[in-house]
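We number each residue from 1, following the sequence as shown.
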Amino acid sequence: MKALFERTETENEIVIVQQPYMLYLILAVLVSGWVSSTNQDVDWLVFASGTVWFAMILFVVWNVKTIFKTNKEIARAMKRGDVSISGSRLSFKNPVTFKIKK
């Protein structure tokens with residue numbers, strides 16, 4: 001799924017690009033929870049916070065297999081020493097990129 005990871009495989013290497021969407025979703029969940037807890041009297045804010053929490057749970061459950069499969073592949077390559085990592089965790093223009101040698 002391209003929402004979390006983009007995987008490209010060539011003859012010499014596997015390139016996995018980790019998109020920052022999950023981190024921004026976690027940030028939105030935390031901010032919405034904090035804002036709704038400080039403003040309990042605003043009904044739409046409490047509803048919006050609950051909706052964001054629900055979206056976060058669905059997103060994680062929907063992608064849990066992809067997350068574990070990709071992390072396991074990266075961990076195996078790190079143990080072998082066949083991986084190079086570049087990029088920034090929160091950047092859309094330069095996301096974290098794992099290059100695994102075959």
Checklist outcome for this item: Taken in chain and number order and not counting sequence neighbours, the residues that satisfy salt bridge (charged side-chain N to carboxylate O under 4.0 Å, His left out) with Lys93 are none
Under 4.5 Å between side-chain heavy atoms, hopping through other hydrophobics if needed: is there a path connecting [X] to [Y]?
X	Y	value
Tyr21	Leu23	yes
Ile100	Ile85	yes
Met78	Ile14	yes
Val46	Met56	no

Checklist entry - Sequence neighbours excluded, which residues qualify as side-chain hydrogen bond (donor to acceptor under 3.5 Å, both in side chains) partners of Glu13? => result none
Next on the checklist: Checking Ser49 now: which residues fulfil side-chain hydrogen bond (donor to acceptor under 3.5 Å, both in side chains) with it, not counting sequence neighbours?
Outcome noted: Ser36
Ignoring hydrogens and angles, write down the donor-acceptor pairs under 3.5 Å from the side chains of residues 25-32, residues two or more places apart or on other chains.
from	atom 1	to	atom 2	distance (Å)
Ser32	OG	Ala28	O	3.1
Ser32	OG	Val29	O	3.0

Item to check | Partners meeting side-chain contact (heavy atoms from CB on, under 4.5 Å) with Asn39 (sequence neighbours left out) | outcome: Val35, Asp41, Val42, Leu45
Item to check | Exercise: identify the closest heavy-atom pair between Val17 and Pro95 | outcome: CG1-CG, 3.4 Å
Checklist entry - Quick one: side chain to side chain donor-acceptor pair (under 3.5 Å) pairs with a partner in residues 72-84, sequence neighbours left out? => result Arg7-Glu73, Arg80-Asp82
Next on the checklist: Working to the nearest 0.5 angstrom, can you tell me the gap between Thr70 OG1 and Glu6 CD?
Outcome noted: 12.0 Å
Item to check | Approximate separation, where rounding is to 0.5 Å, of Asn71 CG and Ile16 CD1 | outcome: 9.0 Å
Next on the checklist: A side-chain contact here means heavy atoms from C-beta on lying under 4.5 Å apart; do Thr10 and Val15 qualify?
Outcome noted: no
Checklist entry - Does the side chain of Asn63 reach to within under 4.5 Å of the side chain of Phe5, using non-hydrogen atoms? => result no
Item to check | Pairwise ring pair (Phe, Tyr, Trp, His ring centres under 6.0 Å) hits with a residue in residues 22-51, at least two apart | outcome: Tyr24-Phe92
Next on the checklist: Would the distance check show the side chain of Lys101 and the main-chain N or O of Ala77 forming a donor-acceptor pair, the cut-off being under 3.5 Å?
Outcome noted: no
Checklist outcome for this item: Members sharing Phe54's hydrophobic cluster, built from side-chain contacts under 4.5 Å between Ile, Leu, Val, Met, Phe, Trp and Tyr, are Leu58
